[in-house]
Structures are given as structure tokens and as C-alpha cells.
Amino acid sequence: MKKESISLETQLSAWCAETFAACFPGVDLSTIPLAVIPSRNEEFGDCQCEAAMKLAKELKTNPRAVAQQFKEKAVLPAFVEKIEIAGPGFINIYLKTAALADQLTAMQSDKKLGLPNLGKNQTVIIDYSSPNVAKPMHIGHIRSTVIGNALDRLYRALGYNVIADNHLGDWGTQFGLIILGYREFADAEALKTAPVEELERIYVKSYNMSKEDETWRDRAKAELVKLQQGDKENRALWEKFVELTLSEFNRIYKRLGVSFDFYRGESFYNDQLAGTVARLKKEGLASVSDGALVCDLEADGLNVAIVRKSDGGYNYTTTDIATVISRTAEFQPSEIIYVTDERQQLHFKQFFHICKKIGVPTKLTHVWFGLMRLPEATFSTREGNVIKLEALLNEAEARALEVVKTSSPGMDEAQQREIARAVGIGAIKYTDLSQNPQSLVTFTWEKALAMDGNSAPYLQYAYARIASVRDKYAAQFPDKNPDDFPIILTEEIERRLALKLTRFPAAVVSAASLDRPSVMADYLFDLSQTYSSFYQNVPFLKADEGPRESRIRLCALTAAILKNGLALLGIETPERI
RNA sequence: GCACCCAUAGCUCAAUUGGAUAGAGCAUCUGACUACGAAUCAGAAGGUUGCAGGUUCGACUCCUGCUGGGUGCACCA
């Protein structure tokens, strides 16, 4: 990587570490966080270092004195204007404005906008979306899909070799019920027009019958056994169910701009389950209890996990362990990330623990999010109060279309629709991505489809305005190239914008390493707010030559970051909205 | 009963993982379209961070105990 594309904070962190080492030669600094971070408050410089206070705690001395010692010893890097000691021992750093301009120039000449190649030669598997076959996707599925996809994009942007795997729920006891129900009361017409809905109807009906009718339950069980033993007819039916479901899911994924490298459902690992259990037994981790084979994790505070049912069948703990073993052998990933809702926390803790015990070296991460609820209650298929994902997408596009029509009445209809699609889908995604997911979410249409304030359309609007400025500039000054002029930061708002622009790479790194797309969304919104203020308060096209070109360049870099940053969240940026 | 999670402005959420005066958006109020797109901007108002203790230079953040809500806890995934 080119040296100038390393963020200023990264360089300053290294500089601080060196200076502290010089001040305190005998002291072990390895455990002290020495990083330089963006200032928490703009009035206290551009960046700050809190290490003096942390170090003072370690040394049991006065933090201000430590900071003072640092300041006396410090030889300022060329791009630093000055440093100041403040408060209990903050080291506030002021950057030279010219250095900021240089940093922007370097970013602009880099196709990756300064993103580091952190993931070189590392494979990360992201397991997300993972819906069940024969059940329509509803609004509860969107979070895993959208968050997982954003992580996918973030890791890829940082150079990781990402494998996106859709671990479909395509195997299990429900298929006995569905096969039986299908034979008895499938509606051929409904199966054509709305296949997954019909499969679900069949399942629900069959399930309810099994609860009341023992004979029915036994027949379903028999169908399941036949399927598991490879019976041709049942196998063909199962394949048909999977195919019908997938084709419908793919239609939704396409609308969402989501794609996977693999669709390896649970069935893919089916023939590895017996071996997995054998391995657990061999390692002495499994024991028989009430006829079932279990891993007792009581000692680690993780209850008991069943790995083979008393009827000899396997359950999802076993499947998940087998999946990890298989993935590790095939891809040697450095990490596997799972994106699911919070209800599965215990399950993941259990099987991560077991994997560790059998010596799986891979880092396993569970990214969980709060359950989606309706204002009245938790929604469930049985209650019949689910909102289907497609209905949500349709509604989003319809509402966006209304807005587009009123604000751009002259546009032809096809373009209006295309924009409404990007804006509507973007709004939905952003709603899920812009908040820390670890709290339960109450679904409201109003919130899901927010179009102003902290929302995707706000960011898209900022982008479209820049695109418009760019085109107007090109039309008015066809013989000029802004890049032939230097970036000069004279207005305070220009400097503030510049500082935020330089922090794009750090935002991406942070979002990925915390597995929180919301960090990226926060950054982009903050950037957009600063840009909007710049836009509203400083003339571009009417400015004198020089400042004019410099501002056009700031606009261009902002546009590039908005476009790329939103792309990392899977959100499109139309040139006109 | 045990475990995990959540509680911040009227509402929806932030707070760089222990830092300086807790910040945004919506809603409310006041201003700004004969400058580049008003899906915008400038400003005002809004807080005992659920409660009570504790740890320390410093707590929304960590510890203990409560209150209220959510979710799990043996053959569904």
C-alpha cells in the first residue's frame, strides 16, 4: 500500500507509541491502548490520544504529568500543526490543513479510496439469510439477509476472500408432514401461482392434523423415514419443494441485490452426521441420557446439547458441527460468521464450545440481532399476522414512487420506477443497517420506510445533488479539469468535510472488525450532514476559479465515498432521484 | 428456578468499548428557495442515561442488588 494512503490516525498511533516508548524506556507498553482516535469533540483538535491517562493508571502517577512528559519529548511529524495537553491528560492533536488536502489528493488517486488490504490470503465464510424451505420469507428474515450481505460486502472490500453461504433449512422432520400433505391435499393451481405459500399451507394443515390424529402422525413419520432412506419418489418430491422455494427466494434476493456463492443447506451435510457423532463419542464428549446422545456442558454453564435423538435422528447441533468440520477442511477459513436472531445464542455458544473442544481452529462468530416484533405481539405463522417480505418490498417501492412523482414530475415513468426501486429498497435496508441490531425491533411501516432524516434517501439525495453539480460544472466549463487544480481548504466547513472524508477507510475497517454495518451507516450519515451544510453554505459554480475547482474536487470525493460506502451496505446511488 | 439480552430527550436511535459540556433524526417552534436540486439548510426547545449502592482522576459504559420488558433452557431449527 502506498504510504500516503495510510490514514493519518494510523500514522499518529505509531508515532505516539514510539514517543511513549522513548519517554518510558523500562515500561511495558504492550497492554496500554496507545491509539490516536478522532477527537470526540471538534473544539479539542482533530485527533486525540488518551494513552497518557491509561498509562498513568498503570504507573500510578499523575496523568497530566505523563502527558506533559510526552509533550516535551515529542518530535512532531511534518503533518502535525501542534499538540496540546488538556483536561486530566488528553493529548489533543491539530493537523496541518495542507496535510489534510494532501491526504484527500492521495485518496482521490486511489481506486480503493485508501482502503487497506487487510484480508489478504484470508478466507471468511459468512452464513446468512438461511431461510427454511417451504415457508415464505417474511419481514423477520430481512435482518439476517441485509446485515449478512453488508458484512459480506465490507469484508470483500477489505480484501478478504469471502464465501457467502446460504445454509438453507432444507432437511428435517417437517418434510414427512409436507410430503404426506402434498399427496393428500395439494392444490395444483395454487402450486403454480404461489408455490411457497401453498407449501406452507400444506405444512400447517398437515402439522395441525398430526397433533390430533395419531395415524396421520405415523404416516408422516413413515414418509420421513422413506425420504431419509433415499426413496426415489419422496426424494424427487423433496427436490421439487426445494426447487420451487429457491426460485421464489431468488426472486427476492435479486430485488434485494443479494447473491450467494453457495446454497448448501442442511441436507448437504447429511451423510457426515454419523461420523460427526462418532467423533464426539471418541473424544469422550458425548454420553447417553434418556436414550438420547448428549454433550453435557453443564460444567461450562451451557446446559446440555442433544447430538442424537432417542429415535436415532440427528438435530441441528450435529448438523452445525458437521458443517464447521466440512467447511474447515474444504476452505481453511480464518473465520466463520453466522448471522441469526437472538434466540439462537445458547445454541451457538454450545456448538462453538464443542467445536473448540474437538480442536477446530477456526474463529467462530455469532452475529445476532433482536427479534422483529409487531406493535401488538410477536408475529408467527400460526397467529397469521406475518407480513411477507415481498409485500414489504412492494410497499416500499410504491411509497417511493409517490415521492419521486411529486418531486420529479417531468421524468418519464420508466425512470421514475427505476429510481423508486432503488430508493424504496434502499430505505428498507438502511433502516435495518443503521442501528445496532442487538435490541428488539418493533416493526412499523412508518419506521421501515422512513424517507427523511437519517435514512437512505437522505444519502441518495446528497449523492444526486453532487451528480448534478458535476454535470453542470462540465457543461459550464468544458475545457477545465478540476484535478489540474490543488485542493485548498479555506472555509471552516471545507476543513471539517475534508477531515471526515479522510476517515472513510477507518470507518470501513471498524464496521467490519466489529461486525456492525451500523458503524458504516453512521459514518455516511455524518458525512452527508457535513456535506449538505457545505453545499448549502458555500458557492461552487459561482466561485472564482481555483476555489471553484477545489470545491468541485471535494464534491467528487464525497460522491465517490457515498457511492462506494452505500454500495458496501448494498444500497444503490442513482444519479438522479 | 437458572442463563443471556435490552432500558438514554415526547418518539426512533447514537455515544469510537472507561474519557472532556451525553449527540443525531422524527415531532414542536423560528428563519432561509430570482446561487449549484428545499427529499435541503440555519437556529430554538427538549436529559437525575429505569432505581439504589460500589469501583477511580473520570461511569451511559465495569461490579453488586433491585424494577420492568424480551428470549432461551432435552429430543423443532
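Convention: sequence-line order gives letters A, B, ...; per-chain numbering from 1.
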Item to check | Touch class at under 4.0 angstrom, heavy-atom based, for A/Leu346 against every strand present | outcome: sugar-phosphate
Checklist entry - Is the aromatic ring of A/Tyr461 within stacking range of B/G37, meaning centres under 5.5 angstrom and planes under 30 degrees? => result no
Next on the checklist: If you compare every side-chain N and O of A/Ser407 against the phosphate oxygens of B/A39 (OP1, OP2), does one of them come in below 4.0 Å?
Outcome noted: no
Next on the checklist: In whole Å, measure the gap between the P atoms of B/C66 and B/C2 for me.
Outcome noted: 10 Å
Item to check | Side-chain N or O of A/Lys447 closer than 4.0 Å to phosphate OP1/OP2 of B/C13 | outcome: yes
Item to check | Contact under 4.0 Å: A/Thr319 side-chain N or O vs B/A77 OP1/OP2 | outcome: no
Item to check | No-H, no-angle donor-acceptor pair, A/Gln48 side chain to B/A20 base, under 3.5 Å | outcome: yes
Checklist entry - Would you say the side chain of A/Pro116 lies within less than 4.5 Å of the side chain of A/Leu158, judging by non-hydrogen atoms? => result yes
Next on the checklist: It should be established whether A/Arg343 places a side-chain nitrogen or oxygen under 4.0 Å from OP1 or OP2 of nucleotide B/U71.
Outcome noted: no
Checklist entry - Quick one: is B/G25 close enough that its OP1 or OP2 comes under 4.0 Å of any side-chain N or O from A/Gln529? => result yes
Checklist entry - At under 4.0 Å, does any side-chain N or O of A/Arg516 touch on OP1 or OP2 of B/A15? => result yes
Next on the checklist: Any heavy-atom pair between the side chains of A/Phe90 and A/Glu50 that's under 4.5 Å?
Outcome noted: yes
Checklist entry - At under 4.0 Å, does any side-chain N or O of A/Tyr316 touch on OP1 or OP2 of B/A77? => result no
Next on the checklist: One thing to verify: whether A/Arg470 and A/Glu575 come together as a salt bridge, which I'm taking to mean a side-chain N less than 4.0 angstrom from a carboxylate O.
Outcome noted: yes
Checklist entry - Quick one: is B/G72 close enough that its OP1 or OP2 comes under 4.0 Å of any side-chain N or O from A/Lys349? => result no
